[in-house]
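Working notes for the structure below.
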Amino acid sequence: MTVVKDSKEQQENVIVRRLRETRSELRKVVWPTREETIRLTIVVLTISTIIGAILAVGDTIFLFLYTTLVSLVS
């Protein structure tokens, strides 16, 4: 004979287990220091600015080529 547990109780156990596992995993995380966070943020902003500038130059070149082509055709 099998005993069926209440589904609500079983659901709470799943949630509690998930929270405990999450808390356990977060304790294992090595969080960056303030200086490391600032340095990496500066790196990301610098690379984003450089890539943005490259895309802007490329867009300007293609716009110039497109307008020149359109003016030659018409």
Quick check for you: to the nearest 0.5 Å, what is the distance between [X] atom [atom1] and [Y] atom [atom2]?
{"X": "Ile54", "Y": "Thr49", "atom1": "CD1", "atom2": "OG1", "value": "11.0 Å"}
{"X": "Leu63", "Y": "Thr68", "atom1": "CG", "atom2": "OG1", "value": "9.0 Å"}
{"X": "Leu55", "Y": "Thr60", "atom1": "CG", "atom2": "OG1", "value": "10.5 Å"}

Would Leu26 and Trp31 count as a side-chain contact (heavy atoms from CB on, under 4.5 Å) here? Give the steps. CA-CA 10 Å; Leu26 283 175; Trp31 297 100; 4.2 Å; yes

Is there a side-chain contact (heavy atoms from CB on, under 4.5 Å) between Leu19 and Arg23 once you walk through the steps? CA-CA 6 Å; Leu19 289 174; Arg23 187 175 179 193; over 6 Å; no

Thr33: which residues meet the side chain to side chain contact (heavy atoms under 4.5 Å, CB included) condition with it, sequence neighbours left out?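 Testing Thr33 for side chain to side chain contact (heavy atoms under 4.5 Å, CB included), a comparison that skips the adjacent residues, returns Glu35, Glu36.
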
Sub-4.5 Å side-chain heavy-atom contact between Arg34 and Ile38: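 Yes. Closest side-chain heavy atoms under 4.5 Å.
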
Measure the shortest side-chain to side-chain distance between Phe62 and Val57 over non-hydrogen atoms and say whether it is less than 4.5 angstrom.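 The answer is no, as the side chains (C-beta and beyond) never meet within the 4.5 Å cut-off.
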
Please step through side-chain contact (heavy atoms from CB on, under 4.5 Å) for the pair Glu21 and Arg17, ending with a clear verdict. CA-CA 6 Å; Glu21 290 173 357; Arg17 187 181 73 212; 3.6 Å; yes

